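Worksheet for the structure shown next.
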Amino acid sequence: MPQRIKDVYGGSSWGLSIEIFPPKTPQGDSALFETLDRLAVYQPDFVSCTYGAGGTTSKRTVELCVEIQKRYKIASTAHFTCMGGTREELLNWLNFASESGIGNIMALRGDPPQGQASFEPVAGGFRYAHELVSLIRETFADNGIGVAGYPEKHPEAESLEIDITRLREKVDKGADAVFTQLFFGNDSFYKFRDACGQAGINVPIVPGIMPITEFARIKRITAMCGALIPQELASRLEAVQDDPDAQFEIGVEHAIKQCRELVDAGVPGIHFYALNRSQACERILEAMGRTAVL
Ligand SMILES: Cc1cc2nc3c(=O)[nH]c(=O)nc-3n(C[C@H](O)[C@H](O)[C@H](O)COP(=O)(O)OP(=O)(O)OC[C@H]3O[C@@H](n4cnc5c(N)ncnc54)[C@H](O)[C@@H]3O)c2cc1C
């Protein structure tokens, strides 16, 4: 049985998970597997694969998860969103994932498709991720379930406090761990973690780290998800906007510092948004003394 999310955290070392996305071309597939060849030696506890907007990569997500488990003997986690269809269609997909040997699901609402201002649930489907968590827990009692948390609050939420009460609902419905949106200032994570504890959320809260490798790309990503780039970091990156190598070095150096501090502060694990590339994660893992088993 592949490792379940609930069994990853709380041991003597911090849990490691790597998030990737389904490539759109055969070349992208080759590059992804080269990346995974390089990262697998650090023995991640699982690799998670995203689920595309509008369900475009619906089957691909599961197929990639299956391939990862087969090639690397590493557990995988399939992301799934409420955009996947009606309740019945969601169930069909969950059955497909389960029959394919996938034992962990990252249960999400999903973002509105491009050009649509707000999230509209599918008719006969779900409006919130907690409904998907309930469906998974009721139907596949042994499944591992991860959910999303937002140290700087979800962009649609009225306040961080309200957002955390909704996170609590996802945990009460059966989530095993919370994986956070990317953030660049650890203070926001510590405040979020403390507030979650006060709100009675007692599952592992795993920080999500995206190493900055290209300033222009990270600006696009943060504009979409609402994560803040601290002024000092932004100024350093602005100063080298014509020098991609310097941007990479600043980004990796920042991520190493962030990860070291987080591990020292006792986080249960780190979830890397690897963007299908290995170089930055390899540098960070080496700097953190994570042993590569060759
Ligand atoms: C680790 C991680 C992985 C992700 N992977 C993917 C992916 O693979 N594919 C993808 O499309 N997106 C992915 N996302 C993005 C995610 O789909 C978006 O952030 C989305 O906007 C919210 O999803 P959620 O699951 O947090 O939704 P929810 O938990 O449903 O929250 C959405 C909003 O609704 C509010 N809300 C929740 N419950 C209630 C309630 N009962 N009443 C009123 N308001 C409520 C919340 O406060 C929040 O503002 C990921 C995000 C993270 C952090």
Side-chain angles (χ1 to χ4, degrees), residues 5 15 17-22 46-58 60-62 64-65 76-85 90 93 97 102 104-114 116-122 125-136 144-183 188-189 192 195-196 199 201 203-210 221-227 269-276:
I5 287 175
S17 50
I18 311 264
E19 182 173 312
I20 51 112
F21 60 85
F46 65 88
V47 172
S48 83
C49 181
T50 64
Y51 182 92
T56 44
T57 65
S58 161
R60 285 270 286 142
T61 297
V62 173
L64 271 175
C65 284
S76 59
T77 294
H79 293 215
F80 193 37
T81 77
C82 301
M83 296 301 285
L90 298 175
W93 187 96
I102 306 306
N104 295 309
I105 305 289
M106 191 76 78
L108 302 144
R109 184 197 70 177
D111 277 321
Q114 264 190 350
Q116 195 175 298
S118 61
F119 180 84
E120 286 302 327
V122 173
F126 296 149
R127 180 175 285 277
Y128 299 115
H130 71 79
E131 299 167 87
L132 182 57
V133 174
S134 291
L135 179 69
I136 301 168
I145 306 178
V147 291
Y150 302 85
E152 293 165 336
K153 96 173 178 65
H154 184 262
E156 293 163 35
E158 300 89 323
S159 69
L160 183 61
E161 207 181 9
I162 293 175
D163 207 23
I164 288 173
T165 61
R166 282 139 183 190
L167 176 60
R168 164 92 199 248
E169 200 169 6
K170 295 193 275 194
V171 173
D172 288 348
K173 295 278 166 64
D176 297 307
V178 174
F179 296 85
T180 78
Q181 185 59 280
L182 58 103
F183 58 91
S188 59
F189 176 83
F192 174 72
C196 286
I201 295 173
V203 297
I205 299 182
V206 183
I209 297 295
M210 182 179 286
I221 293 173
T222 53
M224 280 189 291
C225 74
I270 295 189
H271 183 72
F272 281 106
Y273 294 102
L275 295 175
N276 292 12

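None of the values given here were measured: they were computed from a predicted structure. As the structure lists them, so they are numbered: ligands from 1, and atoms in each ligand from 1.
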Least distance between heavy atoms, C65 atom then I102 atom: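 Result for this residue pair: CB-CD1, 3.5 Å.
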Quick one: look at [X] and ligand 1, take heavy-atom pairs under 4.0 Å, and tell me if it's side chain, backbone, both or neither.
X	result
K170	side chain
M83	neither
Y150	side chain
H130	side chain

When only distance counts, is [X] in polar contact with ligand 1, meaning an N/O pair under 3.5 Å?
X	result
R109	yes
Q181	no
D111	yes
Y273	no
T81	no
E19	no
T50	no
R166	yes

I'd like to know if the side chain of [X] and the backbone of [Y] have a donor-acceptor N/O pair within less than 3.5 Å.
X	Y	value
K173	A129	no
D163	H154	yes
T61	T50	yes
N276	I20	no
S76	V47	no

For H271 and E19: C-alpha separation, side-chain torsions, deciding distance, then whether side chain to side chain contact (heavy atoms under 4.5 Å, CB included) applies. CA-CA 7 Å; H271 183 72; E19 182 173 312; 2.8 Å; yes
Give the atom numbers and elements of ligand 1 that come within less than 4.0 Å of a heavy atom of [X].
X	value
H154	19 (O), 20 (C), 21 (O), 22 (C), 33 (C), 48 (C), 49 (O)
H79	3 (C), 4 (C), 5 (N), 6 (C), 7 (C), 8 (O)
E169	41 (N)
A157	47 (O), 49 (O)
F179	1 (C), 53 (C)
E156	49 (O)

Tell me whether [X] reaches ligand 1 (any heavy atom closer than 4.0 angstrom to a ligand atom).
X	value
F80	no
F126	no
K153	no

Option of least heavy-atom distance to atom 30 (O) of ligand 1 (set: S17, A129, P151):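 Residue with the shortest heavy-atom distance to the ligand atom: A129.
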For atom 17 (O) of ligand 1, which of G110, G226, G146 has the closest heavy atom?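 Among G110, G226, G146, the closest heavy atom to atom 17 (O) of ligand 1 belongs to G110.
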For the pair F126 and L90, evaluate side chain to side chain contact (heavy atoms under 4.5 Å, CB included) and give the outcome as yes or no after the intermediate values. CA-CA 9 Å; F126 296 149; L90 298 175; 3.4 Å; yes
Quick one: do V203 and V147 satisfy side chain to side chain contact (heavy atoms under 4.5 Å, CB included)? Show the steps, please. CA-CA 11 Å; V203 297; V147 291; over 6 Å; no
Option passing ring-ring contact (aromatic ring centres under 6.0 Å, His included) with F183 (candidates Y273, F192, F189, Y150):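 Of all the options given, the one that passes is F189.
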Distance, nearest 0.5 Å, that separates CG of N104 from CZ of F46: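 It comes to 6.5 Å.
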Min side-chain heavy-atom separation S48-H79 under 4.5 Å: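 They are in contact (side-chain heavy atoms under 4.5 Å apart), so the answer is yes.
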Evaluate the side-chain proximity of F80 to L132: yes if any heavy-atom separation is below 4.5 Å, no if none is.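 Sidechains of F80 and L132: in contact.
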Cationic tip of R109 above F119 ring, under 6.0 Å, 45° of axis: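 Yes, R109 sits over the ring of F119.
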